[in-house]
Protein chains: 2
Amino acid sequence: MCDTTFCRRAAAGIVRRVLTVTSVNVNGLRAAGRKGFLPWLAATAADVVCLQEVRAEPDQLPDELRDPQGWHAYHAPAATKGRAGVSIYSRTAPTAVRVGFGSAEYDASGRYIEVDLPVGGTAAGLTVGSLYLPTGEAETERQDAKYRFMAEFRAHLDALHERAARTGGHALVCGDWNIAHQEADLRNWRGNRKSSGFLPEERAWLTDLLDPATGWTDVVRSLHPGVEGPYSWWSFRGKAFDNDTGWRIDYHMATPKLGAAAATAAVERAATYAERWSDHAPVTVTYTI
Amino acid sequence: MCDTTFCRRAAAGIVRRVLTVTSVNVNGLRAAGRKGFLPWLAATAADVVCLQEVRAEPDQLPDELRDPQGWHAYHAPAATKGRAGVSIYSRTAPTAVRVGFGSAEYDASGRYIEVDLPVGGTAAGLTVGSLYLPTGEAETERQDAKYRFMAEFRAHLDALHERAARTGGHALVCGDWNIAHQEADLRNWRGNRKSSGFLPEERAWLTDLLDPATGWTDVVRSLHPGVEGPYSWWSFRGKAFDNDTGWRIDYHMATPKLGAAAATAAVERAATYAERWSDHAPVTVTYTI
DNA sequence: CTTGAGAAG
DNA sequence: CTTCCCAAG
């Protein structure tokens, strides 16, 4: 059923060494399932898959998407039908699953789910979250809502970070953060300085979060410093994908030890190329823990 | 451009003798145009085509649908976008075009348009209308609205009939009347006795309209008495089309002389078969006038 | 089951 | 440009 390195070693009682995690905004899991998502899922080496923009109630999903064979699946749909929705598929059973992050405004909005996974040989464990940070719109109330979410979610990130430090465990928050951090994180940064997703306040929020002394690690950037992208989202409009006019807004944010344990990172642009089943591409990282 | 018998004779100054008229509910002209409607239009021998459920503003239609080469096209969209909408394509130029039938409630609802066409050698002429009678829903206000429409439209039919009788001209009202008249006009009449479209009051309204002494002629039935159907609409749900579980709700209703001049009638079930571009099939009649 | 509008992305 | 919802058919 599961024959990744991670699973084989786990089954053999060997301390786990390699964990592969993928994050992808599927832009409607039902639509993705009608295109190439299922072959992609069947072929992936990931042990954990974080999904965003599922846009369906679990009851609306066919079995192979709601509860795929070989995976433990958890869903946090939005109260509003057809909106947002995050999920996590894990090859191994979590010890806990939590929806939301203690926010009255956002816990039913289908924007955050996290699971605790056992790490072989340790009691501390690993928390993996799937985040879909709200899309904003500059100069509107929707941007204010995005800032409110960011403020509340930052408190949760601080709590995760503190707990990991205290227990010797790890935390990893994957997802669509809807913010490009630096100029290298989007093709047309000059034209987007006033666009939601690249506003100074948003960028500063990430800079603060990623403060090297105490903060989180942007895993893909830490493995690929000084390069353009790799982008993970391209608008469906125009020829954005063909011209690689993209944004890097899908991140793996890891606590320090886990970030340092990241071995490889890749944006699976090819995975969406043959038949493009989302406007985002999967972002896959291998961790040696 | 136009090489039907009707057009060739007209171009040669010969009194027109054969007129072919088609009526079809296209269930969204834009969608039909993306499927097989255009090849059908290119191949039809019709001189006049009456369309219902166009569901588009003229500005939203591509040129080949809004104003096709070789036709004079007239559109009566509904005030509410994406709803109803009737049109007429005519190979020859009308002498008049009228939208609605003098109803405050319904003239902007995209449910009736009529054109006056010259009939070679006579001053009287022919009025052809394209009608999309509202869909009802038994025991609801929508059924009351359907009855209101029927009552108002009956007055217009009476006026058309009276004028034809007085001037020696003809009138023909084609379209989706949304009522099956007799048991032979729908496959499952027993199960639909309480369904809008086959209610006793609706059937009686048609019976009165078709009173042989003074009324209108149901042209297809007059040419094909005593047969089941031919149906012209099949639900998209289930296997209705494959099983021919249909309704005959698309009619040519003609003033007496014109009804008597009908030579052939056919429901073009095959036209929608290769690629089904509507839930209705074209109903085509040839008139020798 | 299908269309088109509409909001969101 | 694409997703899904919804009302209508």
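Just so we're clear, the structure is a prediction, and the values are computed from it rather than from any experiment. Scope of the values below: all heavy atoms of this structure, side chains included, with no hydrogens, waters or symmetry mates.
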Of all the choices, [options], which nucleotide is nearest to the side chain of [X] once you look at every atom?
| X | options | value |
| --- | --- | --- |
| A/A31 | C/dT3, D/dC1, D/dT3 | D/dT3 |
| A/F236 | D/dC1, D/dT3, C/dT3 | D/dC1 |
| A/R34 | C/dA7, D/dC4, C/dT2 | D/dC4 |

[X] [atom1] to [N] [atom2]: how many Å, rounded?
| X | N | atom1 | atom2 | result |
| --- | --- | --- | --- | --- |
| A/R83 | C/dG6 | CZ | P | 15 Å |
| B/K35 | C/dT2 | NZ | C1' | 7 Å |
| B/H280 | C/dC1 | NE2 | P | 18 Å |
| B/Q143 | D/dA8 | CD | C1' | 15 Å |
| A/W233 | D/dT3 | CH2 | P | 15 Å |
| B/D176 | D/dA8 | CG | P | 17 Å |
| B/F37 | C/dT3 | CZ | C1' | 16 Å |
| B/N27 | C/dA5 | CG | P | 13 Å |

Ranking B/G136 and A/V54 by the position along DNA chain D of their nearest nucleotide, the one closer to 5' is A/V54

A/R237 vs B/R237, nearer the 5' end of DNA chain D by closest nucleotide:
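The 5'-side residue here is A/R237.
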
Side-chain N or O of [X] versus OP1/OP2 of [N]: is the shortest distance under 4.0 Å?
| X | N | value |
| --- | --- | --- |
| A/K81 | D/dT3 | no |
| A/Q60 | D/dC4 | no |
| B/R55 | D/dA7 | no |
| A/R30 | D/dC5 | yes |

Measure from NZ or CZ of A/R111 to the centre of the six-membered ring of A/F101, then state whether that distance is under 6.0 Å and the direction lies within 45° of the axis. no

In terms of side-chain heavy atoms, does A/S87 have a donor or acceptor partner in A/H75 at a distance below 3.5 Å?
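Their side chains do contain a donor-acceptor pair, which is all the 3.5 Å distance test asks for.
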
### Task
Answer yes or no: is there a side-chain heavy-atom contact under 4.5 Å between B/W216 and B/L206?
no

Going through the distances and angles, do B/R203 and B/D185 end up as a salt bridge (Lys or Arg N to Asp or Glu O under 4.0 Å)?
CA-CA 11 Å; B/R203 300 176 59 194; B/D185 295 323; over 6 Å; no

Salt bridge check: are A/R148 and A/E141 linked by an N-O gap of less than 4.0 Å?
yes

